[in-house]
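Residue numbering restarts at 1 for every chain, and letters A, B, ... go by the order of the sequence lines.
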2 protein chains.
Amino acid sequence: MADVKPIGKALFLREEELRLGIELMFFAYRDFTGEADSILAEQHMGRAHHRAIYFIGRNSGITVSDLLTILCITKQSLSRVLSGLMQDGYVFQKPGATDRRQRLLYLTETGIGLESRLTSLQGRRFAAAYREAGVDAVDGFQRVLRGLLDSDTIDQIAQQDQTRDI
Amino acid sequence: MADVKPIGKALFLREEELRLGIELMFFAYRDFTGEADSILAEQHMGRAHHRAIYFIGRNSGITVSDLLTILCITKQSLSRVLSGLMQDGYVFQKPGATDRRQRLLYLTETGIGLESRLTSLQGRRFAAAYREAGVDAVDGFQRVLRGLLDSDTIDQIAQQDQTRDI
DNA sequence: GTTTTACGTCAGCCATGTTGACCAATATAG
DNA sequence: CTATATTGGTCAACATGGCTGACGTAAAAC
């Protein structure tokens, strides 16, 4: 922070606290994803495959363009990953009922199996962290993370939740 | 979670809560890093440069091997980034006083400037999130993130803090 | 004096992001 | 019905940032 010098103790703590947040995000994200990465590597997959599998599992029958909106990557990047997943039997597609241009994406049994394995692994890590930290901490954790989001992302998550509730 | 079926309400909420955590981590990390990425792109740098600059700034005079330990990448990957940063005048090195094989890394004025810009940007995002969420939430946030860390990482952070306090 | 340590470097591979251009099928508005 | 917009795929080319393996060099440590 260029404008915050460590003169008063309050200010010093403020900068330290912000840096701690930045660093915790870096380390926690790395460790949190690293565990799944090793399973994925066995299947000759990367994090991009994981993200696709996760969000297809979470939003069964999602269209390609909705998945693109969630992932914020180009359709060329996604296409490469998706064709791999379909070829290897983790994902299949059905044409949309009302709009037949759409290819609705679903996990196969194999895909569901892999998704479960990965999510259960990451879920266990979260469950342990939640247990250690306590219920109130979990609430705070979620509130701060929501505060870090771009407003577009907030809208997107809200919309996604709505879709799932139907 | 393969073993947690949405039969009882408590179990259902548990799985939803874990998935919410997983998703919030993904979205928050993406949005949190994305802002800095655009500044870095202007300077023809990537996230790898950012990480190096951040941790050199944070641990002025750090050795290459200690930086490697923090970043968990190979020396070849780091070397590519570091030589770029030195060539472009963001980082310089001094031989270690006691062990002259070591190359202690420091930010130049330019490097300090860029680090400030980036950290201040990310710090503002955190400050806003902290303000919205409240003091108790911040504590919970940090506790949960710590709980997500690998034990090696915890040791590492502790050691790093100690070094800085000297 | 030999071995270990702390670097550097070259060569090449892979995953995953990017842009730009172009094509096909279908939906929708005029 | 026709024109346009939307959904999605595809090819080519490129950058970044991981990786491995191999090899070199200077200095510390035994």
Side-chain angles (χ1 to χ4, degrees), chain A residues 26 29-30 33-34 36-56 61-88 91-106, chain B residues 26 29-30 33-34 36-56 61-88 91-106:
Chain A
F26 168 66
Y29 190 78
R30 190 192 61 189
T33 52
D37 285 350
S38 35
I39 286 192
L40 290 159
E42 290 170 18
Q43 329 278 325
H44 310 285
M45 293 193 213
R47 221 173 269 181
H49 299 85
H50 186 184
R51 291 196 275 261
I53 286 181
Y54 181 87
F55 285 107
I56 293 172
I62 192 175
T63 64
V64 174
S65 67
D66 283 350
L67 188 52
L68 281 174
T69 306
I70 291 176
L71 297 177
C72 286
I73 57 175
T74 58
K75 67 174 173 173
Q76 292 86 337
S77 296
L78 178 57
S79 171
R80 188 167 34 197
V81 169
L82 276 184
S83 23
L85 287 176
M86 291 194 287
Q87 203 163 2
D88 297 351
V91 168
F92 69 96
Q93 55 185 18
K94 283 198 279 189
T98 60
D99 185 338
R100 287 200 335 237
R101 290 169 305 180
Q102 298 178 337
R103 322 242 164 132
L104 309 183
L105 302 169
Y106 299 88
Chain B
F26 168 64
Y29 191 76
R30 190 191 61 190
T33 52
D37 285 349
S38 35
I39 287 192
L40 291 159
E42 291 170 19
Q43 330 278 326
H44 309 284
M45 293 194 211
R47 219 173 271 180
H49 299 85
H50 186 185
R51 290 196 275 261
I53 287 181
Y54 180 88
F55 285 107
I56 293 172
I62 192 176
T63 64
V64 173
S65 67
D66 283 350
L67 188 52
L68 280 174
T69 305
I70 291 177
L71 297 177
C72 287
I73 57 175
T74 57
K75 67 173 174 174
Q76 292 87 337
S77 296
L78 179 58
S79 167
R80 186 166 38 194
V81 168
L82 276 184
S83 28
L85 286 175
M86 292 195 285
Q87 202 164 2
D88 297 351
V91 168
F92 69 95
Q93 54 184 18
K94 285 198 279 189
T98 60
D99 185 337
R100 287 200 333 238
R101 290 169 305 181
Q102 297 178 337
R103 323 241 164 134
L104 310 183
L105 302 169
Y106 299 88

Closest to the Arg51(A) side chain: dC19(D), dG8(C), dG17(C)? dG17(C)
Nearest-Å distance, [atom1] ([X]) to [atom2] ([N])?
X: Gln102(B); N: dA28(D); atom1: CD; atom2: C1'; result: 10 Å
X: Leu68(A); N: dG17(C); atom1: CG; atom2: C1'; result: 13 Å
X: Leu85(B); N: dT16(D); atom1: CG; atom2: P; result: 13 Å
X: Leu82(B); N: dT16(D); atom1: CG; atom2: P; result: 16 Å
X: Arg101(B); N: dA27(D); atom1: CZ; atom2: P; result: 10 Å
X: Leu105(A); N: dG8(D); atom1: CG; atom2: C1'; result: 11 Å
X: Asp37(A); N: dT16(C); atom1: CG; atom2: C1'; result: 13 Å
X: His50(A); N: dT16(C); atom1: NE2; atom2: C1'; result: 16 Å

When you check the phosphate oxygens OP1 and OP2 of [N], does a side-chain N or O of [X] lie under 4.0 Å from one of them?
X: Arg80(B); N: dG12(C); result: no
X: Ser65(B); N: dT5(C); result: no
X: Ser77(B); N: dG17(D); result: no
X: Arg100(B); N: dA27(D); result: yes
X: Thr74(B); N: dT20(D); result: no

Find out whether Phe92(B) and Met86(B) are in side-chain contact, i.e. whether some heavy atom of one side chain is under 4.5 Å from a heavy atom of the other.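 No, their side chains stay 4.5 Å or more apart.
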Note, Met45(A) side chain near Leu85(A) side chain (heavy atom, < 4.5 Å): yes
Start at the 5' end of DNA chain C and walk down; is the nucleotide closest to Ala48(A) or to Leu104(B) reached first? Leu104(B)
Want to settle it: does Gly46(A) or Lys75(A) sit nearer the 5' end of DNA chain C, counting the closest nucleotide to each? Gly46(A)
Using a 3.5 Å cut-off and no angle test, enumerate the donor-acceptor pairs between side-chain atoms of residues 71-81 of chain A and protein atoms at least two apart in sequence or in another chain.
from: Thr74(A); atom 1: OG1; to: Ser77(A); atom 2: N; distance (Å): 3.4
from: Thr74(A); atom 1: OG1; to: Ser77(A); atom 2: OG; distance (Å): 3.1

If you take atom types as modelled and just measure distance, does the side chain of Gln93(A) reach the base of dG8(D) with a donor-acceptor pair under 3.5 Å?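 Result: no qualifying N/O pair found.
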With sugar-phosphate meaning primed atoms plus P, OP1 and OP2, does His49(A) contact a base, only sugar-phosphate, or nothing at under 4.0 Å between heavy atoms?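 Sugar-phosphate only.
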Just to be sure I understand the rule, does Ser83(A) reach a base, reach only the sugar-phosphate, or reach nothing, if contact means heavy atoms closer than 4.0 Å?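 Touches nothing.
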Chi angles and distances behind the side-chain contact (heavy atoms from CB on, under 4.5 Å) call for Ile62(A), Leu104(A): CA-CA 5 Å; Ile62(A) 192 175; Leu104(A) 309 183; over 6 Å; no
Between Thr33(A) and Arg47(A), is the side chain to side chain donor-acceptor pair (under 3.5 Å) condition met? List the steps. CA-CA 8 Å; Thr33(A) 52; Arg47(A) 221 173 269 181; 3.3 Å; yes
What is the ring orientation for Tyr29(A) with Tyr29(B), classed by angle as parallel under 30°, tilted 30 to 60°, or perpendicular over 60°?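 It falls in the parallel class, under 30°.
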How sharply is the helix from dG1(C)-dC30(D) to dG30(C)-dC1(D) bent, taking the axes over five pairs at either end and rounding to 10 degrees? 30°
If you apply the rule side-chain contact (heavy atoms from CB on, under 4.5 Å), what do you find for Asp99(B) with Thr63(B), and how did you get there? CA-CA 11 Å; Asp99(B) 185 337; Thr63(B) 64; over 6 Å; no
Nearest 0.5 Å, please: how far is CG in Leu67(A) from OG in Ser65(A)? 9.0 Å
